[in-house]
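These notes concern the structure reproduced below.
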Amino acid sequence: MAATFPALIQPRLAAALQATGISGDLPDGFVPSVDPAQNPQFGDYQTNAAMVLAKQVKKNPRELAAEIVEKFDGEGLTETPEIAGPGFINFRIRKNVLEQRVEDLLEDTDRLGVEEVTDPETIVIDFSAPNVAKPMHVGHIRSTIIGDSLARIARFLGHNVISDNHIGDWGTQFGMILYGWKNVLDKEALEADPVPELLRVYKEVNKLCSEDPDLREVCKAQLVDLQAGDKENLKIWEECVELSKVGLQKIYDKLDVAFDHWLGESFYNDKLQPLVDNLVGKGIASESDGAICIFFPEHEKLADQPPAIIQKGDGGFLYATTDLATIEHRVQEFGATSIWYVVGAPQQLHFDQIFEAARLMGHNVDLQFVSFGSILGKDRKMFKTRDGDTVQLDDVLDESVARARKIVEEKNPEFPEQEKAEIARVIGIGAVKYAELSQFRMTDYIFDWDNMLALKGNTAPYLLNAYVRTRAIFRKMGSDFQGVDHIEITEAAESALAMKLAQYAEVVPSILTDFRPNTLATYIYELATTYHKFWEACPVLKAEGAVKESRLALCELTGRVLKHALGLLGIQTTEKM
RNA sequence: GCGCUCGUAGCUCAGCUGGAUAGAGCAACGGACUUCUAAUCCGUAGGUCCCGUGUUCGAAUCACGGCGAGCGUGCCA
């Protein structure tokens, strides 16, 4: 598979710079950038090299651009570059080169032009991580969907990816759960549907505790018993975790999200005391006000912040302790060279601290905090899990599917019942995922049903409809894609589509540089738009000869890229809608 | 107080390492279905990119200072 267009243009541009004789004045490692043109009137790609370099060589940018163009060899790749504006050099890919590229992409069914990385890493991705005994609410949606998408993308790029659901199965909430289990549990309700009953119990005890401080102490005692290994409490805990996992798995199945491991907090229990002892022994941690803390006096930012506490005055451990034990395990047992945490922005300080602590411990691993903004309530405040009354994730998914179902019913009343249900499922789940992934992850947003579940405009159905249209043509024709001898591009809508398809290989690797699945979402949206325009402008089945063959090939390739790209976002496709 | 993140059209948001006239969608208005799926396309209208200063040939983007919002800030996770 040939390289991407920018990768082909770059060395020629570098050679042209060399030939002008200015390369001696350039900073070491200078690589002229080649970017897609913003506007088709400027061509396909552009470089600002002349403007960047003009000052250093004391020349007028446009004159310098003219010199570069003079020396530029576009043979077998681009037309003669044009100079425009303050000194941009615009490149237009030759028609036959673009045609060849489409032919190549059609052959490359698995990778669609996207190259694997040359230095694969072992990446542990930590995402979703709900607490057990409490159902997932809308707040969990970001971590789950973004994390899953990043895992899919990294895997496709050739990394060894290990997804780990670090569930909260050992927290303080168990004090209340244990008390509730023994005192207010409705056994029948639990057998019928465990997750809502566990939530009810949790909420009820939480309410009782806030009314009665003494009860809070009783709950704490339950937790202490559990952690001391009390048999009855341990048994309840185990049952509770198992029931919760079943409930969680149902939602992951709906979302089509999977994990390689579910190593929750409890997994690290027996590793915590040795870890703390070790850190104290090494002088990394020290006692302060009765607690064992890690201070960061050498660190520019953290020095002025409170320390990370890894053991409480009463001997208990905290999540910083567990997270450090988790890093150790992932490095030593999984061979992680990189760990990504897909966790909300409020935990910035915590991760700054444990990353720095891991460094002090000598772990040579690339730690990335892939943070995201908060989902806010109507009052612009964060949802508070403890109040319990936030919107549940499962309800969001069901509502989304129901809304999609209503529209399927309007548009295609004649479809069989089962097909309508399946289409509604794909669209409904896809809509929720796309709403999340099409947004920059740091943006806070106010939860709004109509916003999250919109089905018009830049939403999943728009993209799915483009895919459906690619399939409709072959269905109408009565056969699958039969291959093509030679691609022939004549219309502007065709070359725009071909160019977009070629750019898939440029977009996918760039997503991970800043963990931005939304750049892929933007690409898919643009591809869908380009295809919809092509659809309006270029009849396929009514065309003849090479034109028809080429258009069929473009439809086929568009369908493949759309399906693949949506797949990287974790969004499924449907043949009809 | 200190730290992190954000501020772009009436609304919801893109705009990656500074680049040409700041883009989409929704809502509003006007067009296009005897045609491969109109869940589409075309057009109109809508902006002091929070404010100020600086760096630069060039700033929504970078730096500094304000203002506003959210979050975090020693024994919850």
Side-chain angles (χ1 to χ4, degrees), chain A residues 33 35 37-39 41-42 46 48 51-52 54-55 60-61 84-88 90 129 131 168 170-173 265 288-293 301-302 304-314 316-320 322-323 344-350 352 371-374 376 380-382 385-386 404 407-408 410-412 427 435 438-440 442-446 448 450-451 454-459 461-462 464-466 468-477 510-511 513-514 516 518-519 521-522 525-526 529 532-533 535-543 551 555 576-577:
Chain A
S33 67
D35 303 305
Q38 295 173 353
N39 189 325
Q41 79 185 58
F42 298 133
Q46 62 173 231
N48 58 8
M51 290 180 290
V52 174
K55 190 162 192 185
N60 174 302
F88 288 101
N90 294 326
N131 286 323
W170 198 250
T172 29
Q173 80 268 28
E265 294 168 339
S288 168
D289 287 344
I292 307 293
C293 305
K301 289 270 167 58
L302 295 178
D304 299 331
Q305 300 290 330
I309 301 175
I310 55 173
Q311 188 161 24
K312 295 191 279 186
D314 67 5
F317 303 106
L318 298 103
Y319 75 137
T322 314
D323 275 349
Q347 301 203 37
Q348 179 78 50
L349 175 61
H350 167 71
D352 284 348
S371 65
F372 51 83
S374 307
L376 310 174
R380 287 203 59 84
K381 302 274 188 190
M382 281 178 68
T385 334
R386 291 188 187 192
I407 296 178
V408 175
E410 284 168 21
K411 306 264 182 193
N412 307 94
I427 292 176
S438 59
Q439 199 156 216
F440 176 51
M442 288 311 296
T443 309
D444 289 346
Y445 64 88
I446 295 172
D448 179 83
D450 292 337
N451 231 337
L455 299 171
K456 290 199 284 184
N458 183 1
T459 62
Y462 179 86
L464 291 170
N465 186 39
V468 163
R469 281 178 148 187
T470 68
R471 303 314 305 154
I473 284 179
F474 291 102
R475 198 161 51 240
K476 179 84 174 184
M477 192 170 75
S510 74
I511 303 165
T513 56
D514 203 19
R516 289 182 184 232
N518 71 308
T519 56
T522 300
Y525 179 68
E526 288 170 358
T529 299
H532 281 310
K533 287 179 180 176
W535 174 280
E536 302 287 335
C538 302
V540 177
L541 296 178
K542 283 183 178 164
R551 287 179 182 174
C555 290
K576 293 184 191 175
M577 65 187 279

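Only this structure's heavy atoms are used, side chains among them; waters, hydrogens and symmetry mates stay out. All chains are named by letter (A, B, ...) in the order of the sequence lines, taking the proteins before the strands, and each is independently numbered beginning at 1.
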inquiry  = What's the gap between B:rA59 and B:rU5 when it is taken at their P atoms, as a whole Å value?
reply    = 25 Å
inquiry  = Quick check on B:rC4: is either OP1 or OP2 less than 4.0 Å from any side-chain nitrogen or oxygen of A:Lys301?
reply    = yes
note = Protein heavy-atom contacts under 4.0 Å, written 5' to 3' over nucleotides 12-18 of chain B as B (base), S (sugar-phosphate only) or - (none), form the string SSSS---
request  = Could you tell me which residues satisfy side-chain hydrogen bond (donor to acceptor under 3.5 Å, both in side chains) with A:Tyr525, sequence neighbours excluded, listed by chain and number?
outcome  = none
query = Given that A:Ile407 and A:Ile292 both sit by RNA chain B, which one's nearest nucleotide is further toward the 5' end?
reply = A:Ile407
query = Taking C-beta and beyond as the side chain, do A:Arg469 and A:His532 meet within less than 4.5 Å on heavy atoms?
reply = yes
request  = Name the closest nucleotide to the A:Asn412 side chain, picking from B:rG74, B:rG72, B:rA39.
outcome  = B:rA39
query = For the pair made of CD1 in A:Ile473 and P in B:rC36, what is the distance, rounded to whole Å?
reply = 10 Å
task = Answer with base, sugar-phosphate or nothing: what part of the nucleic acid does A:Pro307 contact at a heavy-atom distance below 4.0 Å?
result = base
key: Interatomic distance at P, B:rU61 relative to B:rA45, whole Å   = 28 Å
request  = Find the partner of B:rC2: check Watson-Crick (N1-N3 plus N6-O4 or O6-N4) and G-U wobble (N1-O2, O6-N3) distances, both under 3.5 Å, and reply none if neither fits.
outcome  = B:rG72
message = Nearest whole Å is fine: how far is B:rU5 C1' from A:Gln348 CD?
response = 8 Å
key: Side chain of A:Leu349 (C-beta onward), nearest among B:rA38, B:rG19, B:rU73   = B:rU73
message = Output the rounded distance in Å from CG (A:Asp314) to P (B:rC75).
response = 12 Å
ask   = Between A:Tyr445 and A:Leu376, is any pair of side-chain heavy atoms under 4.5 Å apart?
value = no
task = Whole angstrom is fine here: how far is it from OH in A:Tyr462 over to P in B:rU40?
result = 7 Å
key: Heavy-atom protein contacts under 4.0 Å, nucleotides 20-25 of chain B, coded B base, S sugar-phosphate only, - none   = BB--SS
ask   = Can you name the closest pair of heavy atoms from A:Ile309 and A:Cys293 and give their distance?
value = CG1-SG, 4.0 Å
key: Identified pairing partner of B:rU48, criterion: Watson-Crick or G-U wobble below 3.5 Å   = none
query = Which value, in whole Å, describes the distance between the C1' atoms of nucleotides B:rA20 and B:rG58?
reply = 10 Å
note = chi for B:rC33 classified (syn = within 90 degrees of 0, anti otherwise) as syn
query = Using a cut-off of 4.0 Å on non-hydrogen atoms, how would the nucleic acid contact of A:Ile427 be classed: base, sugar-phosphate, or nothing?
reply = base
key: C1' atoms of B:rG7 and B:rG47, separation to the nearest Å   = 15 Å
query = Which one is paired to B:rC16, where only Watson-Crick or G-U wobble pairs with both distances under 3.5 angstrom count?
reply = none
task = Please state the C1' separation for the pair B:rA77 and B:rG72 - nearest whole angstrom.
result = 14 Å
inquiry  = Mind checking if A:Ala345 touches a base, just sugar-phosphate, or nothing, with heavy atoms under 4.0 Å?
reply    = nothing
inquiry  = Whole angstroms only, please: what is the CG-P distance between A:Asn60 and B:rC57?
reply    = 13 Å
request  = Please work out if A:Phe317 contacts a base, only the sugar-phosphate, or nothing of the nucleic acid, heavy-atom cut-off 4.0 Å.
outcome  = sugar-phosphate
task = Would you kindly give the NZ-to-P distance between A:Lys542 and B:rC33, to the nearest whole Å?
result = 14 Å
inquiry  = Of the listed nucleotides (B:rC36, B:rA39, B:rU40), which one gets closest to any side-chain atom of A:Trp535?
reply    = B:rC36
inquiry  = Tell me which nucleotide, if any, is Watson-Crick or G-U wobble paired with B:rG43 when both distances must be under 3.5 Å.
reply    = B:rC29
message = Using modelled atom types and a 3.5 Å cut-off, is there a donor and acceptor pairing between side-chain atoms of A:Arg471 and backbone atoms of A:Lys576?
response = no
task = Assign A:Gly313 to base, sugar-phosphate, or nothing according to its heavy-atom contacts below 4.0 angstrom with the strands shown.
result = base
ask   = Quick one: is B:rC42 close enough that its OP1 or OP2 comes under 4.0 Å of any side-chain N or O from A:Lys533?
value = yes
Closest contact, heavy atoms only, A:Lys312 versus A:Leu318 = CG-CD1, 3.5 Å
task = Ignoring hydrogens and angles, tell me if any N or O in the side chain of A:Asp35 forms a donor-acceptor pair with the backbone of A:Gln46 under 3.5 Å.
result = no
remark   = With sequence neighbours left out, the residues meeting side-chain hydrogen bond (donor to acceptor under 3.5 Å, both in side chains) with A:Gln173 are none
message = Between P on B:rC4 and CG on A:Asp352, what's the gap in Å once rounded to a whole number?
response = 9 Å
key: A:Asp514 side chain vs A:Arg516 backbone, donor-acceptor pair below 3.5 Å   = no
ask   = What is the distance from NZ of A:Lys312 to P of B:rA77, rounded to the nearest Å?
value = 6 Å
query = For B:rU56, what is the paired nucleotide under Watson-Crick or G-U wobble rules, both distances under 3.5 Å?
reply = none
Those residues that, when tested against A:Phe42, pass ring pair (Phe, Tyr, Trp, His ring centres under 6.0 Å) (two or more places apart) = none
request  = Please report the shortest heavy-atom distance between A:Ala320 and A:Ile310, naming the atom on each side.
outcome  = CB-CG2, 4.3 Å
inquiry  = What's the gap between B:rU73 and B:rC64 when it is taken at their C1' atoms, as a whole Å value?
reply    = 25 Å
message = The criterion is side-chain hydrogen bond (donor to acceptor under 3.5 Å, both in side chains); which residues satisfy it with A:Asp450, sequence neighbours excluded?
response = A:Arg403
query = What integer number of Å spans the P atoms of B:rG52 and B:rU44?
reply = 31 Å
remark   = Picking from B:rA77, B:rA39, B:rC36, the nucleotide nearest the side-chain atoms of A:Val540 would be B:rC36
inquiry  = On the nucleotide B:rA77, are OP1 or OP2 found under 4.0 Å from the side-chain N or O atoms that A:Trp170 carries?
reply    = no
key: Integer angstrom distance from the P of B:rG15 to that of B:rG23   = 15 Å
message = Using the side-chain heavy atoms of A:Leu541, tell me which of these nucleotides is nearest: B:rC36, B:rG74, B:rA39.
response = B:rC36
ask   = What heavy-atom pair brings A:Phe372 and A:Gly344 nearest, and what distance separates the two atoms?
value = CZ-N, 3.4 Å
request  = Check every atom of B:rU37, B:rG19, B:rA39 against the side chain of A:Met51 and return the nucleotide holding the closest atom.
outcome  = B:rG19
